[in-house]
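Everything numeric here is computed off the predicted structure, so don't read it as measured data. In what follows, chains carry the letters A, B, and so on, assigned in the order in which the sequence lines appear, proteins first and then strands, with residues in each chain numbered from 1.
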Protein chains: 4
Amino acid sequence: MIQAQTKRRLKQTNHGTKILEAAESIFAEKGFYLTTVEEIAQKADLGKGTIYLHFENKRGLFLSVIERKLDILLKKIERGIKKGKSPAEKIRLATEIHLNFLEKNRNFFKIIHIFSNQFKKGMGEELFKKVAAKNSRYLEILQDLIEQAIKGGEIKPLNSKKLAVILVGIVHSLTVYWISQNEKGSLFKDHLLAWEIFWEGAKAL
Amino acid sequence: MIQAQTKRRLKQTNHGTKILEAAESIFAEKGFYLTTVEEIAQKADLGKGTIYLHFENKRGLFLSVIERKLDILLKKIERGIKKGKSPAEKIRLATEIHLNFLEKNRNFFKIIHIFSNQFKKGMGEELFKKVAAKNSRYLEILQDLIEQAIKGGEIKPLNSKKLAVILVGIVHSLTVYWISQNEKGSLFKDHLLAWEIFWEGAKAL
Amino acid sequence: MIQAQTKRRLKQTNHGTKILEAAESIFAEKGFYLTTVEEIAQKADLGKGTIYLHFENKRGLFLSVIERKLDILLKKIERGIKKGKSPAEKIRLATEIHLNFLEKNRNFFKIIHIFSNQFKKGMGEELFKKVAAKNSRYLEILQDLIEQAIKGGEIKPLNSKKLAVILVGIVHSLTVYWISQNEKGSLFKDHLLAWEIFWEGAKAL
Amino acid sequence: MIQAQTKRRLKQTNHGTKILEAAESIFAEKGFYLTTVEEIAQKADLGKGTIYLHFENKRGLFLSVIERKLDILLKKIERGIKKGKSPAEKIRLATEIHLNFLEKNRNFFKIIHIFSNQFKKGMGEELFKKVAAKNSRYLEILQDLIEQAIKGGEIKPLNSKKLAVILVGIVHSLTVYWISQNEKGSLFKDHLLAWEIFWEGAKAL
DNA sequence: AATGAATGAGTCTTCATTCAT
DNA sequence: GATGAATGAAGACTCATTCAT
């Protein structure tokens, strides 16, 4: 009896995850509009209708794909930077973790990139806002750390938000480049480069 | 008779431009897939069929929108950097021109951003390659300048391509931020910030 | 053991009735096509699959809803008109019972109304015919009575079937009106009006 | 040039009408839900998309089918009853015209019958209200005439609205019967029967 | 050249029905 | 018996593209 329950629950969980993973890879490959629900269902070895038992609609599925990964990334970063002793070191750790995650989750990065572009109009509801909020959470964490570093005299007194934006921009541009090069070599190694440019550029004299 | 011909040709040219401009603003607002040809035609005060006299299809129109602007930007940059005396100054000028252009052509930036995401699949032909090439031309120019600066001892001997990627990434992330802030203040002013971070981070000790 | 069996059988019977009653109210509210089996199951506090243990399919359930009520109505009428002494009085009694029943079973009337419209095509089988037959049984009863009244000189020698149709039409139109007025006042009271019009219009001079 | 314009306009008009007529017959045959837009398009010898150039959606088409016919019927009745000298005669004329129209437009009647049942929920907008209003316009005309007849002492002082409802009910029930009999004989001839029952039943003593 | 009516391929989404548990 | 997760057929509707005028 317990066995059966467990099995069923596992099965369900698996379905949700199976769908999210199938969706992730196809959305990453083709973008939101060229991806069909049918295709996702096939890749997940499920009927089309089953998708709709787990997600309200195609859009909801797309947002869920993002939400799931953002949660994981944020948790990793929040946990990881605790090891850093100074704000500066924490920032470096965040960059390192971020690039490491993107290397292992290239699909996710592609999707995040899509996200910011494909939903210009017609948003506004619950889930979208939640995802958008999570999306900018990382930026806030960085901004906080930068502010602390500025107060501690480690970083020049520049606009902390813009510095955070720049650091993320550096990380993203390296990722885009890495992906465009068909992902040769390790993206993770670039965290030192990213960090060096940012740090030397921003540190107090 | 010649008059009439001339007039007609002018008109045509105007049509092409009218369409490109209408398309630019709508693509920027709604992305590729949510934009309908009908809408573009209306904004251009033309019949839907007329669009197809000037562009092969919706996709071709989209690429043409990009191509036109990239041509202008590249010309501006190539011309502008001639005034710089050292590679370093040329790089700074390029950044300045780039941000200045993006500020004045926010629509274009949005479209470029879309470009890199919405055409994952089904590319391969002529026009697309041309646009992709132009798109990376700026990167090449920067890479060249950075290589020269490295040779001249102005910049640390790092990977020149990645440094170019990072610089463009800084510019783009600031632009995205500026747009997300509803374009308050001048984006152009940020070129000093972008430059400072990059230069201090990359310059030889 | 016997107890258990009995309980179970009772339970089953209850299930059938529970489903029929849930179905009746929802079909009445939303019509056949806008009603989902899921909804009926929920209202009946049962699983969706359970519906299919008791009825062949949605259509069969719909027809069963009608059949059950028609049985009750016909029995009431057949029993009730026995008290009438002349055919004329029996007709009046039938009208009275009919309107009384409709007042107390508005849902049923709405469903009957749907019935005649929503199954234009794809009928032909057993159950449908049975329901259609029952549906016209009342008309036959009336026609018989009218024929007797004609023979007895109480009613003008007009087409008895059409007279029956007219009488039912009067009853139905008053019911529709009553329902459209949000069922204010008593529909039952109108039986005198219905009867007066019909009787004065049809009675022999 | 004028030829061309005319031809085109005629063509358009024809399309609208062709669609309405195709829709009328199929809706009448199968009801709203079992009718597919595809089917209507085929019957009208047009592409599916063309339907949507002329009507907002399936529902709008359905309502338009009704609206068109109701307009014609109401005009006929309003014009026709002018010939009557007394309210009573006008009422008789209205009944005559009504039955005559239903005989010639059986499809329309079937659709009207559907109308009142299939749109229980989810209405509320413009077109629906307009159609509903037109639908009850005939009832109002009758009610007015009956009130005049009551004032003139031709008809007993009963509830004029209910009398109108009853008269329409008689007409409709005869039509339903006639249709159920596969439309043998002339429905039109029944107007005398309908009138006799109603008039003898309602007239002042 | 310019138009816009016509087209139908393509997609999301719903829901009756089945069947493993 | 009872369940409800899974299915996929079916259908409304959109929109890029064509082509007769």
Side-chain angles (χ1 to χ4, degrees), chain A residues 1 3-5 7-9 11-12 15 33-42 44-61, chain B residues 8-9 11-12 15 33-42 45-61, chain C residues 8-9 11-12 15 33-42 45-61, chain D residues 1 3-5 7-9 11-12 15 33-42 44-61:
Chain A
M1 201 54 185
Q3 276 281 329
Q5 285 256 140
K7 220 185 251 174
R8 194 176 310 168
R9 193 162 318 161
K11 219 170 152 194
Q12 276 178 233
H15 279 183
Y33 291 103
L34 292 185
T35 297
T36 68
V37 174
E38 172 77 47
E39 225 175 338
I40 294 172
Q42 267 169 18
D45 262 319
L46 289 169
K48 209 188 324 178
T50 308
I51 305 286
Y52 288 88
L53 292 180
H54 294 264
F55 302 91
E56 208 192 345
N57 51 30
K58 186 184 172 184
R59 180 192 163 81
L61 171 54
Chain B
R8 201 175 303 170
R9 192 164 320 164
K11 220 168 147 196
Q12 273 178 235
H15 279 184
Y33 291 102
L34 294 185
T35 295
T36 65
V37 174
E38 173 77 46
E39 229 174 334
I40 294 171
Q42 265 170 21
D45 264 320
L46 290 168
K48 210 186 331 179
T50 309
I51 305 281
Y52 287 86
L53 295 177
H54 295 265
F55 302 90
E56 205 194 345
N57 51 30
K58 187 184 172 186
R59 182 189 161 82
L61 171 54
Chain C
R8 201 176 302 169
R9 192 162 319 161
K11 219 168 147 197
Q12 274 179 235
H15 279 184
Y33 291 102
L34 294 185
T35 295
T36 66
V37 174
E38 172 77 45
E39 229 174 334
I40 294 171
Q42 265 170 20
D45 263 320
L46 289 168
K48 211 186 327 179
T50 309
I51 305 282
Y52 288 86
L53 295 178
H54 295 264
F55 301 91
E56 206 194 345
N57 53 28
K58 187 183 172 185
R59 180 189 163 81
L61 171 56
Chain D
M1 203 51 184
Q3 276 281 329
Q5 285 255 142
K7 221 184 249 171
R8 195 176 310 170
R9 193 162 319 165
K11 219 170 151 194
Q12 275 179 235
H15 279 184
Y33 291 102
L34 292 185
T35 297
T36 69
V37 173
E38 173 76 49
E39 225 176 338
I40 294 172
Q42 266 169 19
D45 263 319
L46 290 168
K48 204 190 328 177
T50 309
I51 305 285
Y52 289 89
L53 293 180
H54 294 265
F55 301 91
E56 207 193 343
N57 52 29
K58 188 184 171 185
R59 181 191 162 82
L61 171 55

| task | Would you indicate what Leu46(D) reaches in the nucleic acid, counting non-hydrogen atoms under 4.0 angstrom: base, sugar-phosphate, or nothing? | result | sugar-phosphate
| message | Checking contacts here: which listed nucleotide (dA2(F), dG11(F), dT14(E)) is nearest the side-chain heavy atoms of Tyr52(A)? | response | dT14(E)
| field | Rounded distance in Å - CD1 (Ile40(A)) to C1' (dT13(E)) | value | 14 Å
| Does OP1 or OP2 of dA2(E) have a side-chain N or O of His54(B) closer than 4.0 Å? | yes
| task | Could you let me know what dA16(F) is paired to, Watson-Crick or G-U wobble, both distances under 3.5 Å, or none if it's on its own? | result | dT7(E)
| Between dC15(F) atom P and Gln42(B) atom CD, what is the distance in whole Å? | 13 Å
| task | For Asn57(A) and Tyr52(A), work out which heavy atoms get closest and say how close. | result | CA-CE2, 3.8 Å
| Starting at the 5' end of DNA chain F and moving along, which residue's nearest nucleotide shows up first, Thr35(B) or Gly49(C)? | Gly49(C)
| said: Among dA6(F), dT3(F), dC12(E), which nucleotide has an atom closest to any side-chain atom of Leu53(C)? | reply: dT3(F)
| task | Assign Lys58(D) to base, sugar-phosphate, or nothing according to its heavy-atom contacts below 4.0 angstrom with the strands shown. | result | sugar-phosphate
| task | Check every strand shown and say whether Thr50(A) touches a base, only sugar-phosphate, or nothing at a heavy-atom separation below 4.0 Å. | result | base
| said: Taking the nucleotide of DNA chain E with the nearest heavy atom to each, does Gly47(D) or Glu38(C) sit closer to the 5' end? | reply: Gly47(D)
| said: In whole Å, I'd like the distance from the CG atom of Leu61(A) to the P atom of dT13(E). | reply: 10 Å
| query | Roughly, in whole Å, what's the span from CG in Asn57(B) to C1' in dC15(F)? | reply | 13 Å
| request: Mind calculating the distance between CZ (Phe55(D)) and P (dA12(F)) to the nearest angstrom? | output: 16 Å
| Glu56(C) or Lys48(D): which one's nearest nucleotide on DNA chain E is closer to the 5' end? | Lys48(D)
| Whole-Å distance separating the CG atom of Asp45(D) from the P atom of dT7(E) | 9 Å
| Presence of His15(C) side-chain N/O under 4.0 Å of dA2(F) phosphate oxygens OP1/OP2 | yes
| request: Round to a whole Å and report the spacing from CD of Glu39(B) to C1' of dT14(F). | output: 13 Å
| Rounded to whole angstrom units, what separation is found between the OH atom of Tyr33(A) and the P atom of dT14(F)? | 15 Å
| query | What pair of heavy atoms forms the shortest contact from Thr50(A) to His15(A), and how long is it? | reply | CG2-ND1, 4.4 Å
| request: Calculate, to the nearest 0.5 Å, the distance between atoms CD1 and CG belonging to Ile40(C) and Leu61(C) respectively. | output: 5.0 Å
| field | Strand partner of dT21(E), provided both Watson-Crick or wobble distances fall under 3.5 Å | value | dA2(F)
| message | Can you confirm whether Glu38(A) is buried at CD, in the sense that more than 12 heavy atoms of other residues, nucleotides or ligands lie under 6.0 Å from that atom? | response | yes
| field | Counter-base of dT13(E), judged by Watson-Crick or G-U geometry with both distances under 3.5 Å | value | dA10(F)
| Smallest separation among heavy atoms of Leu34(C) and Glu39(C), with atom names | O-OE1, 4.0 Å
| remark: Correct closest heavy-atom pair for Lys48(D) and Val37(D) would be CG-CG1, 4.1 Å
